[in-house]
Amino acid sequence: MAAEPVQHAQKPQDPCIICVAITGSVTGKHHNPAVPLSISEQIESTHEAFEAGASIVHCHVRDDDGAPTSDPQRFALLQQGLLKHCPGLIIQFSTGGRSGAGRERGGMLPLRPDMASLTVGSNNFPTRIYENSPDLVDWLSLEMLAHDIRPEVEIFDLSHIFKAAEMQAAGRFNGPPHVQFVMGVKNAMPLDRDVFDFYLETTRRLLPDATWCGAGIGRDQSVMNEWCVAAGGHARTGLEDNVRMDKTTLAPSNAALVRRLVEICHAHNRAPATPAEARTLLHLPERKAA
């Protein structure tokens with residue numbers, strides 16, 4: 001028998017925070033010509049998504065050949081452009097493992113973005129192990145704490161919720177935790193409704209003050225969006241995770257994917273959160289434009 005959907009502290013009428021993951025480390029022009037790779041393309045694409053309703057941007061950067069990098073100078077240029085053109089937008093840097101090795105993954109954290117991703121354990125990816133050793137997780141969390149950056153804790157596995165609760169109890173976060181359930185990565189956790197509900201129930205039990213969102217990969221993106229919005233949480237979209245509107249149609253932009261998510265919000269009597277509302281929900285301070 002399927003599990004009954006759990007009840008959540010967040011009310012369905014609360015605004016939905018939309019995070020747009022604009023480029024990632026894997027998707028390229030050969031997947032979809034709309035994927036923004038250069039700094040200028042990323043700024044323009046983010047601005048369009050911001051105007052469409054996104055209040056968080058999840059950022060990776062690429063080198064001149066389009067390969068992922070953790071280069072702090074490129075992150076600084078991207079941050080400068082986003083602060084100028086998207087006032088109030090919550091800027092979240094990725095410390096993901098495809099962009100660098102070891103501590104270089106956190107080399108951009110002294111730039112003090114509002115948020116940064118933090119994966120608190122290892123798991124399988126399509127062709128490799130996504131390695132996040134305890135020592136590296138500890139170092140990244142301390143760097144985020146030192147620079148007053150709110151982690152977004154990436155949940156690829158049930159154990160990651162327990163690790164996040166352990167870290168919160170140890171004072172490793174600079175405020176209420178924000179967690180993201182990632183479902184649909186090949187060889188990791190598939191999209192499964194009973195598991196989704198159990199993740200939410202476990203998060204509510206172990207991290208009662210947490211806000212939460214979800215990311216679905218590829219064709220699972222729109223389904224995950226629907227589940228998150230309907231359950232009163234927040235949601236992620238963007239060309240990093242999915243390059244299509246449907247099986248036969250490429251997404252023309254990040255903004256188009258944001259607009260689809262906005263329609264899902266409206267269907268559930270929820271509005272997309274403004275950047276100011278998102279900052280209030282996440283207990284983040286206001287930031288001034290550059």
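Keep in mind it's a predicted model, so treat the numbers as computed, not measured.
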So, taking the atom named [atom1] in [X] and the one named [atom2] in [Y], what distance separates them when rounded to the nearest 0.5 Å?
X: W212; Y: L207; atom1: CH2; atom2: CG; result: 13.5 Å
X: I22; Y: F50; atom1: CD1; atom2: CZ; result: 13.5 Å
X: L118; Y: L109; atom1: CG; atom2: CG; result: 9.5 Å
X: K84; Y: C86; atom1: NZ; atom2: SG; result: 12.0 Å

Are [X] and [Y] close enough that a side-chain donor and a side-chain acceptor fall under 3.5 Å?
X: Q221; Y: T237; result: yes
X: S133; Y: D135; result: no
X: E44; Y: H85; result: no

State whether the number of non-hydrogen atoms from other residues, nucleotides or ligands found under 6.0 Å of [X] atom [atom1] is greater than 12.
X: Q73; atom1: CD; result: no
X: L158; atom1: CG; result: yes
X: K186; atom1: NZ; result: no

Original post:
Y130 pairs by side-chain hydrogen bond (donor to acceptor under 3.5 Å, both in side chains) with which of N187, N124, T119, N123?
Top reply: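 Looking at N187, N124, T119, N123, the match for Y130 under the side-chain hydrogen bond (donor to acceptor under 3.5 Å, both in side chains) is T119.
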How close do [X] and [Y] get, counting heavy atoms only, and between which atoms?
X: G107; Y: P72; result: O-CG, 3.5 Å
X: G53; Y: P272; result: O-CB, 3.9 Å
X: A34; Y: L239; result: O-CD1, 3.7 Å
X: I264; Y: N225; result: CD1-CB, 3.9 Å
X: T211; Y: H178; result: OG1-ND1, 2.6 Å
X: H58; Y: E240; result: CD2-OE1, 3.2 Å

*Could you walk me through whether R219 and D241 pass salt bridge (Lys or Arg N to Asp or Glu O under 4.0 Å), step by step?*
CA-CA 9 Å; R219 64 183 181 181; D241 300 335; over 6 Å; no
Discussion item. Measuring centre to centre across the rings, with the benzene-like ring taken for any Trp, is F198 within less than 6.0 Å of F181?
Written reply: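 Here the rings of F181 and F198 have centres that are no less than 6.0 Å from each other.
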For [Y], is there any backbone N or O sitting under 3.5 Å from a side-chain donor or acceptor partner on [X]?
X: E152; Y: A116; answer: no
X: R105; Y: S70; answer: no
X: R279; Y: P285; answer: yes
X: S141; Y: D138; answer: yes
X: R150; Y: L282; answer: yes

